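Worksheet: one structure, shown below.
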Amino acid sequence: MRNLLYLIFRYSAFLVFILLEIFCLFLITNYNKSQREIWAHSSNLLSGNLNQRVQKLEDFFTLNAINDSLIRENARLLETIINYRIQSDSESFQAFESISQDSSINYKLIPAKVCDKTINLRNNFLTLCAGKSQGILPGMGVISKDGAVGIVRSSSENFATVLMLINSQSRISAMIKSKEYHGNLVWNSEEIREFRMVDVPKHADVAIGDTVVTSGYSISFPKFIHLGVVRDLRIIGGSNNYDIKVELGYDLARISNVYVIAFDKADEKIELISAQDE
Amino acid sequence: MNKLVSRNIIRIIFVLLIQLILLKRINLTFGDFNYVHLSIYPVALALLPYKMPRPLLIIAAFAVGFIVDIFYNSLGVHAGACTFVAFFRYYILNFIAPRDGYKKDALTAYEYNITWFLSYMAMFLFLHQFMLYSLEAFSPVYMKEIILRTIFSFIASLFLITIGKLIFNPKY
């Protein structure tokens, strides 16, 4: 206590100075118009700046949650676009056959993260950090924000393996957009972006630069998922079909977030097709 | 000792009267050149006795500044500058201490010499003026105005104080 009193006595001049200066500042900022405005503005700047910094920090910590919610949102939007595209494409038929709207084809998108992938082998696979518990089943198509990626080959409780387009076994039902010629997209096992489209009949008026999209004939992909562009076409001697070189429009080496497409009438379609085979 | 106190009180009142009745009315504006403001009252604070306790000195300076503020309608500006300069008076005095220290209590040119008095007054006044115009502008945005006002007002006020010294040349 005595030390404290001594300290106060020792620095009494400084304390009085500080107290009076603070009082003066208080008077200045309260009783002078221009100074008050400057004070209000400056303190707003300071507090605004501080608030902004705190907000940035907060944003950083919630980045993961925001990312997840954005991915979900993206999935929902893509879902809407895909379903809308299919509906608007078949609208004329629907009007003709007077089929009600709610019986229209419905695709659902399940967002998933890529855990692991190979891109430099002959048979490349993708591992997803989502599985049966999220509703991912074998046979479902996988797309990224740019286009098709592959087809789910097997799924466990929490993981799924995807047979990518860049796999020698991959065979995707594709078509030339706006010309409706249908064929199959296979990988020639060399370049990651170079594909071959086979089984297109040679009377088709395919031109270089045409867009190639999924056909929607399989259960894996809906119609009009982007694939690539026709780069070169020739007819092999003695064959009835074109051999079309297709360049993929996006980079399969750089995907990290994908969407798995669940077709809610897949079982019905599979049943029908397998019944045909028998 | 009593004389020292009474003379200081009389000087404070006299200087304040000159400042608030006379100098406040003098308007030294030449067109856009509005940088000269005369202030003589800091001399009363500078001449307060050397041995005056520092907290008391600071409070006295605040009181003088507050009175000036009431008349100048700028509550806190002059008081802040006076408090500031009163706090730093101790360091100014230490900085320009005469070779054999402060033997006399009155810090006048009569007791010491005119050179010492003018350099002391110059430092004291400059600090006061700078603080005063800084508080008046209240933002570093107006740095140019603050510096111009400080320099021109400082020169004019120091000139006025020198004249006052030549006229009165007080012992206490």
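Computed from a predicted structure; not experimentally measured. Chain identifiers are assigned alphabetically (A, B, ...) following the order of the sequence lines, protein sequences preceding nucleic acid strands; residue numbering begins at 1 within each chain.
When the shell of 6.0 Å around NZ of A/Lys245 is examined, it contains 12 or fewer heavy atoms from other residues, nucleotides or ligands. Around OH of A/Tyr31, the count of heavy atoms belonging to other residues, nucleotides or ligands within 6.0 Å does not exceed 12. By the 6.0 Å contact criterion, CZ on A/Phe60 is open, its count of non-hydrogen atoms from other residues, nucleotides or ligands being 12 or less. In this structure, B/Tyr102 places its OH atom where more than 12 heavy-atom neighbours from other residues, nucleotides or ligands lie under 6.0 Å away.
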| said: For a side-chain contact (heavy atoms from CB on, under 4.5 Å) check, start with the C-alpha distance between B/Phe87 and A/Leu20, then their side-chain angles and the critical distance, and finish with the verdict. | reply: CA-CA 11 Å; B/Phe87 177 73; A/Leu20 284 179; over 6 Å; no
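Contact of A/Leu25 with chain B is made through the side chain alone, with heavy-atom distances under 4.5 Å. Of the atoms belonging to B/Ala137, it is backbone heavy atoms, and not side-chain ones, that fall under 4.5 Å from chain A. Using a 4.5 Å cut-off between heavy atoms, A/Phe26 makes no contact with chain B at all. With a 4.5 Å cut-off on non-hydrogen atoms, B/Asp69 does not touch chain A at all. Using a 4.5 Å cut-off between heavy atoms, B/Tyr90 does not touch chain A at all.
Looking at A/Ser42 and B/Phe138, their side chains never come closer than 4.5 Å, going by heavy atoms from C-beta outward.
Options A/Ala13, A/Ser12, A/Ser34 differ in how many heavy-atom pairs under 4.5 Å they form with chain B, and the most are formed by A/Ala13.
Closest non-hydrogen pair, B/Leu75 versus A/Asn32, comes out as O-ND2, 2.9 Å.
Using non-hydrogen atoms only and a strict 4.5 Å limit, the part of residues 107-136 of chain B facing chain A consists of B/Leu135, B/Glu136.
To the nearest 0.5 Å, atoms CD1 (A/Ile22) and OG1 (B/Thr83) are separated by 11.5 Å. Rounding to the nearest 0.5 Å gives a distance of 10.0 Å between CD of A/Glu21 and SG of B/Cys82.
Between A/Phe17 and B/Phe88, the two ring planes are perpendicular [angle over 60°; tilted spans 30° to 60°].
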